Amino acid sequence: MKLIIFNAKPYDMESFNQANNRGTHELIFIEQPLSQATAHFADKAVSICIFVNDILDSTLLKHLFEKGVRLICLRCAGYNNVDINAARELGMHVVHVPAYSPYAVAEHTLGLMLALNRHIPEANHRVHRGNFSLDGLKGFDMHAKTAGIIGTGRIGALVACSLQALGMRVLAVDPIINKACCEQSVEYVAMETLLSQSDIISLHCPYNEQNCHLINAASISKMKPGVMLINTSRGGLLDTGAAIAGLESGQIGYLGLDVYEREQNLFFQDLSDKGIDDTDLKTLLAFPNVLITPHQAFFTVEAMRNIAEATLASLSEFEKNKPLSYEISK
Ligand code: NAI
């Protein structure tokens with residue numbers, strides 16, 4: 001079956017071609033993101049595949065439906081970029097890849113925490129220039145400190161468990177209690193308690209209307225002065241302006257981001273010869289205690305293989321009129 005894969009990078013082509021090594025499906029790779037201007041690449045196709053920053057609002061969905069598209073495959077877990085209700089009303093199916101590798105994201109989250117705490121990027125930069133001084137590189141023991149995990153689903157639970165292994169006390173907030181976390185002595189508490197007691201706070205909940213700017217000026221003011229804040233989930237969970245104010249006042253001591261609320265026209269591209277056209281991002285990058293990675297937490301060999309295989313499995317199910325194992329039911 002034909003699949004039009006938008007926003008395709010060389011690494012997507014590699015993993016999808018490997019997963020399709022028997023030539024079961026016809027894969028058409030489009031380098032551009034999906035938009036009204038590029039929707040014509042989906043002419044006469046029934047199935048398309050998109051990534052995290054391809055925005056599918058009701059207008060674009062209707063346009064694609066009229067062209068004949070019936071299956072939308074998200075090659076990611078989060079689906080905040082697609083108007084699921086509009087797709088359902090049109091009778092379109094939307095699938096995603098819910099758990100291609102929670103380990104990849106959890107491990108990257110730990111990487112951000114450790115790198116920020118021990119100033120590893122700065123230390124590496126110094127050593128490469130022949131500067132072996134330790135001034136300004138002092139970190140803190142994570143052992144016996146408190147971590148707050150907001151969202152204890154697949155990824156948050158792994159992060160909680162790893163931090164416990166480092167000897168941290170772990171607090172959590174989630175409307176759904178994860179039994180495995182309780183068994184590991186993760187303490188579910190009220191948001192206020194998590195904010196006021198945690199030395200490190202890490203976000204692992206989805207972005208949706210209710211969670212927009214979940215972390216804002218009011219919540220930052222309730223955190224411990226000098227707190228470390230980590231977001232590897234979705235940029236819109238954090239009010240960037242409030243985070244900048246928190247960094248300026250010292251309320252936020254360290255900020256680690258793999259996602260950014262206006263990443264759509266920036267991330268996944270090489271803009272090194274054009275510069276960054278985003279004032280807030282430039283402000284963030286000027287702080288020495290801010291570490292930003294370009295939405296790469298998912299990006300491991302295993303995750304890319306799982307994403308491609310699960311997406312093509314959904315395509316086969318759809319082709320054979322079978323129930324879709326990874327259909328998004330909101
Ligand atoms: P999951 O669905 O297993 O867990 C999410 C948890 O968040 C659920 O237990 C839910 O009850 C909880 N939650 C929802 N709203 C909440 C709130 N306001 N406060 C506290 N908890 C809340 O999701 P999973 O697989 O753990 O992924 C989490 C997020 O990570 C995804 O939504 C996605 O946005 C992000 N992600 C980022 C990647 C990256 O490369 N940076 C890759 C994959 C996922």
Side-chain angles (χ1 to χ4, degrees), residues 7 9 11-12 50-54 74-82 84 96-113 147-162 170-182 186-195 198 201-216 218-219 222 229-239 256-261 263-264 266-268 291-304 306-307 310-311 326 328-330:
N7 229 332
K9 305 287 182 207
Y11 45 82
D12 295 308
I50 60 170
F51 196 45
V52 289
N53 290 331
D54 295 301
L74 281 147
R75 54 179 190 280
C76 53
Y79 46 84
N80 52 288
N81 50 323
V82 177
I84 302 291
H96 66 148
V97 189
Y100 49 81
S101 175
Y103 312 103
V105 185
E107 288 165 14
H108 191 79
T109 304
L110 288 186
L112 287 178
M113 290 176 187
I149 306 294
I150 301 182
T152 52
R154 283 171 286 252
I155 297 167
L158 285 171
V159 173
C161 195
S162 308
V170 178
L171 308 179
V173 167
D174 195 314
I176 301 168
I177 306 283
N178 183 330
K179 218 174 131 223
C181 285
C182 288
V186 169
E187 301 164 50
Y188 282 90
V189 294
M191 182 66 103
E192 304 262 321
T193 309
L194 183 147
L195 295 175
S198 302
I201 296 176
S202 197
L203 308 182
H204 299 289
C205 55
Y207 176 74
N208 53 33
E209 247 173 66
Q210 298 83 54
N211 289 344
C212 177
H213 290 178
L214 182 71
I215 300 300
N216 50 40
S219 39
K222 292 176 189 147
L229 182 60
I230 305 286
N231 185 9
T232 58
S233 280
R234 283 293 179 270
L237 294 172
L238 173 66
D239 179 339
L257 304 177
D258 186 51
V259 287
Y260 172 61
E261 62 177 324
E263 70 179 49
Q264 195 199 349
L266 298 165
F267 283 18
F268 308 118
L291 184 52
I292 303 181
T293 52
H295 204 142
Q296 69 177 85
F298 73 98
F299 196 45
T300 64
V301 171
E302 293 78 6
M304 292 305 285
N306 294 341
I307 288 171
T311 303
Y326 301 131
I328 298 167
S329 49
K330 223 179 173 186

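Both counts, for ligands and for their atoms, begin at 1 and track the order of listing. Just so it is clear, the model here is predicted, and its values are computed rather than measured. Below, all heavy atoms of this structure are taken into account, side chains as well, without hydrogens, waters or symmetry copies.
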Indicate whether the side chain of Thr232 and that of His108 have a donor and an acceptor atom separated by less than 3.5 Å.
no

May I ask you to decide if the ring planes of His96 and Tyr79 are parallel, tilted or perpendicular, using 30° and 60° as cut-offs?
perpendicular

Under the 3.5 angstrom rule, does the side chain of Asn80 hit a backbone N or O of Tyr207 as a donor-acceptor pair?
no

Do we see a donor-acceptor contact under 3.5 Å between the side chains of Thr109 and Ser202?
no

Test side chain to side chain contact (heavy atoms under 4.5 Å, CB included) applied to Glu302 - qualifying residues, sequence neighbours left out
Thr300, Arg305

Phe51 backbone acceptor or donor facing Asn7 side chain under 3.5 Å
no

Around ligand 1, what residues show up once you keep those with a heavy atom under 4.0 Å from it?
Tyr100, Val105, Ile150, Gly151, Gly153, Arg154, Ile155, Val173, Asp174, Pro175, Ile176, His204, Cys205, Pro206, Asn211, Leu214, Thr232, Ser233, Arg234, Asp258, His295, Ala297, Phe298

